[in-house]
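Hydrogens, waters and symmetry mates play no part in the numbers below; they use all other heavy atoms, side chains included.
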Amino acid sequence: MRYDHVIWDWNGTLLDDVVLAAGIVHQMLLRRGLGTLEVERHRQLFTHPVRDYYEAAGFNLERDAFEVLTTEFHEEYLRRWRECTLREHATEAIVALSSRGTSQSVLSAAEQRMLEDGTSHFGLTATMRTIAGLDDFHAVSKVERGRALLATLEVDPARVLLVGDTGHDHEVAAAIGVDVALIEDGHATSERLRATGAPVFASLVALLEWVA
């Protein structure tokens, strides 16, 4: 194994919630007469901080405060996230890494309690060394949380891999000094992922073969 520890992103990487998230934003736009948002357009626009994504999607943040929008989004998301499943082969990848002696964590811009509920719901808590989310729903950045997580691992950063599905995951990995691999069909288009220069994989199975 080339890595001793794998840090997983949650939304879009392990949890297949892209259709749900895009659908909620789509309905928010419709209610305001601001157009539509299909899944592929969501993938073209999604970014951190999420405030910038809302602006790009067409919301008027002078009329609707960001805090109002993010509250509206998360009220619906919290009601419906259990409709989602893990991405194909996510459990198998986690189990395979664990069986090889690779420790794992989850690092997310999701709110901490929501993240803990999600990983517990899918039976992943016991497998993860750390479940690291943010203390609010604003999803600004997870760089500082990533630095704090890395400091607790006692693992050579050169032996740590961050797996994500967006350009922000690439930014986080660069900021904390670890390698990164990106997975297609999450919250960003394949073109945006490849533009980062990071290794990009079509599936978690392909990622697992590369890691080995």
Original post:
If you draw a 6.0 Å radius around CD in Glu154, do more than 12 non-hydrogen atoms from other residues or ligands fall strictly inside?
Top reply: no

**OP:** Could you walk me through whether Ser203 and His89 pass side-chain hydrogen bond (donor to acceptor under 3.5 Å, both in side chains), step by step?
**Re:** CA-CA 8 Å; Ser203 69; His89 304 302; over 6 Å; no

Original post:
For the residue pair Phe46 and Tyr53, does the interplanar ring angle fall in the parallel (under 30°), tilted (30 to 60°) or perpendicular (over 60°) class?
Top reply: perpendicular

Original post:
Within a strict 4.5 Å, meaning less than it, do heavy atoms of the Gln104 and Ile7 side chains meet?
Top reply: no

Subject >> Nearest atoms (heavy-atom pairs only) where Gly118 meets Trp81 >> reply: CA-CH2, 3.7 Å

Subject >> Side chain Thr130, main chain Ala132, donor-acceptor under 3.5 Å >> reply: no

Original post:
Under 3.5 Å, is there a donor-acceptor pair linking the side chains of Thr166 and His48?
Top reply: no

Original post:
If you look at every heavy atom in Ala202 and Asp185, which pair is closest and at what distance?
Top reply: O-OD2, 4.5 Å

Subject >> Between Asp52 and Thr47: side-chain donor-acceptor atoms closer than 3.5 Å >> reply: no

**OP:** Give a yes or no on whether a salt bridge exists between Arg147 and Glu144, defined as a side-chain N under 4.0 angstrom from a carboxylate O.
**Re:** yes

**OP:** Determine whether more than 12 heavy atoms belonging to other residues, nucleotides or ligands lie under 6.0 Å from atom CD of Glu88.
**Re:** no

Original post:
Would you call Leu37 and Met28 a side-chain contact if the rule is heavy atoms closer than 4.5 Å?
Top reply: no

Original post:
Is the closest side-chain donor-acceptor distance between His187 and Asp17 under 3.5 Å?
Top reply: yes

**OP:** May I ask you to say whether Glu184 pairs ionically with Arg194, meaning some side-chain N is under 4.0 Å from a carboxylate O?
**Re:** yes

Original post:
If you measure from CG on Leu153 to CZ on Arg159, what distance do you get to the nearest 0.5 Å?
Top reply: 13.5 Å

Subject >> Carboxylate-amine/guanidinium contact Glu116 Arg113, below 4.0 Å >> reply: no

**OP:** Flag yes if more than 12 heavy atoms outside Arg129 fall under 6.0 Å of its CZ atom; otherwise flag no.
**Re:** yes

**OP:** Report yes if the side chains of His42 and Val18 come closer than 4.5 Å at any heavy-atom pair, otherwise no.
**Re:** yes

**OP:** May I ask you to say whether Arg2 pairs ionically with Asp179, meaning some side-chain N is under 4.0 Å from a carboxylate O?
**Re:** no

Subject >> Residues Glu72 and Arg32 bridged, charged N to O under 4.0 Å >> reply: yes

Subject >> Leu193 to Asp165 - nearest heavy-atom pair and separation >> reply: CD2-O, 3.4 Å

Original post:
Can any side-chain N or O of Arg87 pair as donor or acceptor with the backbone N or O of Gly12 at less than 3.5 Å?
Top reply: yes

Original post:
Is there a side-chain contact between Leu97 and Trp8, using heavy atoms and a 4.5 Å cut-off?
Top reply: yes

Original post:
Within a strict 4.5 Å, meaning less than it, do heavy atoms of the Glu209 and Phe201 side chains meet?
Top reply: no

Subject >> Heavy-atom side-chain contact between Val50 and Thr70 under 4.5 Å >> reply: no

Subject >> Salt-bridge contact Arg80-Glu76 (side-chain N to carboxylate O under 4.0 Å) >> reply: yes

Original post:
Going by atom types only, do Asn11 and Tyr77 share a side-chain donor-acceptor pair under 3.5 Å?
Top reply: yes

